[in-house]
Amino acid sequence: MIRTLSNFFTAIMQRWLPDAFIFAILLTLIVFLAGVFGEGQSASQMAHFWGEGIWNLLVFSMQVTISLVTGSVLAQTTAVKRILRALATLARNPSQAILLMTVISLICGWISWAFGLIASALMAREIARHVKGVHYPLLVAAAYSGMVIWHAGLSGSIPLKIAVSDGDVLSKLMNETIPLSATIFSWQVLLISALVLVTLPVVFRMMMPPPEETREVDPVQLGEVEAVDIRINTPSDRVEHSRWPTLLLGLLGAYYLIEFFFEGGSVGLNTLNLIFLVSGLLLHRSTTSYLSAVNEAVKGLSGIVLQFPLYAGIMGMMANSGLAASVSAWFIAISTPDTFNLFTFISAGVVNFFVPSGGGQWAVQAPIVIPAAQSLGIPVNQAAMAIAFGDAWSNMVQPFWALPLLGIARLGIRDIMGYCTVALLWTGLVFGLAMVFIF
């Protein structure tokens with residue numbers, strides 16, 4: 001049954017799903033027209049919303065770009081290769097490879113969405129090299145599955161925002177905060193996360209194609225950096241092939257990080273990027289080796305450079321035209337106390353297609369969802385986590401977050417989307433039942 005579904009969706013995606021760049025353009029047109037005909041905005045106003053929003057993700061785009069490059073560069077070091085290889089050897093056949101990859105992805109995604117994306121992509125590459133006969137597109141889809149649970153984890157932007165009083169939407173609406181013990185560390189959220197961790201690897205295992213349909217990875221496709229030909233003819237050559245420049249810079253960064261954490265600093269995307277950068281500088285044996293790895297890593301950046309600005313424009317139109325608020329309001333209007341969390345979850349999944357940012361989605365939906373939850377007697381922590389789960393859930397078929405991982409894996413969105421659709425259906429069933437019977 002599961003394999004039949006995966007074959008069905010894979011065939012549809014391969015035939016009908018356009019390139020991720022075209023998909024972003026289509027979403028732009030859909031939102032533009034919906035704003036004009038659904039919200040009564042003029043074409044000029046929608047164009048203004050798009051133009052005002054298109055550069056709003058520049059900082060985030062650069063952060064993700066650096067994550068991809070520094071993570072890939074770090075993976076090219078001898079020390080990290082050994083670690084990845086040791087983990088990969090835990091899988092002795094294709095079935096174990098898929099199970100292992102899904103479990104690693106979910107655990108890493110729960111720890112941190114950024115770390116999970118990069119670490120899972122690198123792990124998929126190493127498993128593909130080590131395990132013969134594993135279907136590479138399914139393996140990469142399994143590597144992406146951690147994004148379905150990230151918002152219930154340690155980097156979940158909504159739980160972290162509402163846990164502190166820093167001008168967040170919730171503190172303005174209620175003048176109070178909600179501790180993490182009531183969100184990501186509550187027994188309900190931990191139980192839901194555990195259900196996904198136990199069942200989703202089995203679902204991916206059941207999607208494995210027969211040997212005759214298996215598509216193994218081509219080593220050339222992975223773009224492994226070749227050994228650098230060292231020729232020292234001049235003093236500048238001696239410096240470039242010396243370890244001292246990168247070692248000194250890495251030690252400077254390491255000193256800062258030690259001081260930063262000693263003073264109580266927390267891990268964010270910028271800190272994670274600096275850890276990747278410093279580790280790569282310390283572990284590569286020369287400047288030439290480091291730059292060669294960088295040159296190879298940047299080949300996977302085209303999706304981020306082209307598409308993140310488009311999604312920023314989409315988010316601008318959704319938020320400023322009132323579309324995102326209207327979607328949330330419609331689901332809430334048909335809700336009852338028994339169905340409120342379920343419909344909030346579904347509405348968040350829909351909004352996430354057009355506003356693929358946990359923090360941005362919270363800013364749009366919270367002013368509508370929280371007062372409605374209070375009026376129906378729904379605990380606010382449950383309403384907030386319903387949005388969080390919905391945001392994470394539809395990531396399975398939202399190309400935005402897959403772009404960094406696909407850049408490292410060197411695959412296209414069509415290669416994995418059929419399998420991700422099955423994962424969407426299964427986790428949607430788990431989350432949906434949880435919204436009704438656990439929350």
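Residues take their numbers from the sequence shown, with the count starting at 1.
Judged by distance alone, with hydrogens and angles left aside, the side-chain atoms of Tyr290 form no donor-acceptor pair with the main-chain N or O of Leu283 at under 3.5 Å. Between the Ser105 side chain and the Met101 main chain, no donor and acceptor come within less than 3.5 Å of each other. Using a distance-only test at 3.5 Å, with no hydrogens or angles considered, a donor-acceptor pair links the side chain of Ser6 to the main chain of Arg3. Between the side chain of Asn381 and the backbone N or O of Ala182, at least one donor-acceptor pair lies under 3.5 Å. A donor-acceptor pair under 3.5 Å links the side-chain atoms of Glu216 to the main chain of Gly133, judged by distance alone. A donor-acceptor pair under 3.5 Å is formed between the side chain of Thr89 and the backbone N or O of Ala86. Listed for the Gln63 side chain is no donor-acceptor partner under 3.5 Å among the backbone atoms of Asn270. Checked by atom type and distance alone, the side chain of His151 never pairs as donor or acceptor with a backbone atom of Gly390 at under 3.5 Å. At distances below 3.5 Å, not a single donor-acceptor pair connects side-chain atoms of Arg125 with backbone N or O atoms of Arg410. Asn320 places a side-chain N or O within donor-acceptor distance of the main-chain N or O of Gly316, the cut-off being under 3.5 Å.
In the model, Thr77 has no side-chain atom that pairs as donor or acceptor with a side-chain atom of His284 under 3.5 Å. Between Ser95 and Arg205, the side chains place a donor N or O and an acceptor N or O closer than 3.5 Å (distance only, hydrogens not considered). Donor-acceptor pairing under 3.5 Å is lacking for the side chains of Gln398 and Asn352. At a cut-off of 3.5 Å, with distance as the only test, no side-chain donor of Ser155 or Trp150 sits close to an acceptor on the other residue.
Aromatic ring centres of Phe9 and Tyr419 lie farther apart than the 6.0 Å criterion allows. Side-chain rings of Trp393 and Phe345 approach one another, their centers coming within less than 6.0 Å.
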Test log, rule side-chain contact (heavy atoms from CB on, under 4.5 Å), inputs Phe354 and Leu323: CA-CA 10 Å; Phe354 308 97; Leu323 273 171; over 6 Å; no

Derivation of the salt bridge (charged side-chain N to carboxylate O under 4.0 Å, His left out) call for Asp415 and Arg215: CA-CA 10 Å; Asp415 295 311; Arg215 174 181 159 190; 2.9 Å; yes

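Closest non-hydrogen pair, Ala24 versus Ile314, comes out as O-CD1, 3.7 Å. Heavy atoms only, all atoms of each residue included: Phe353 and Ser394 are closest at CE1-CB, 4.1 Å. Across every non-hydrogen atom of Ala124 and Ala143, the tightest pair is CB-CB, 4.0 Å.
Among Ile107, Leu99, Leu100, Leu106, the single residue meeting the side-chain contact (heavy atoms from CB on, under 4.5 Å) criterion with Val103 is Ile107.
Counting heavy atoms of neighbouring residues, nucleotides and ligands inside a 6.0 Å radius, atom CH2 of Trp401 exceeds 12 of them.
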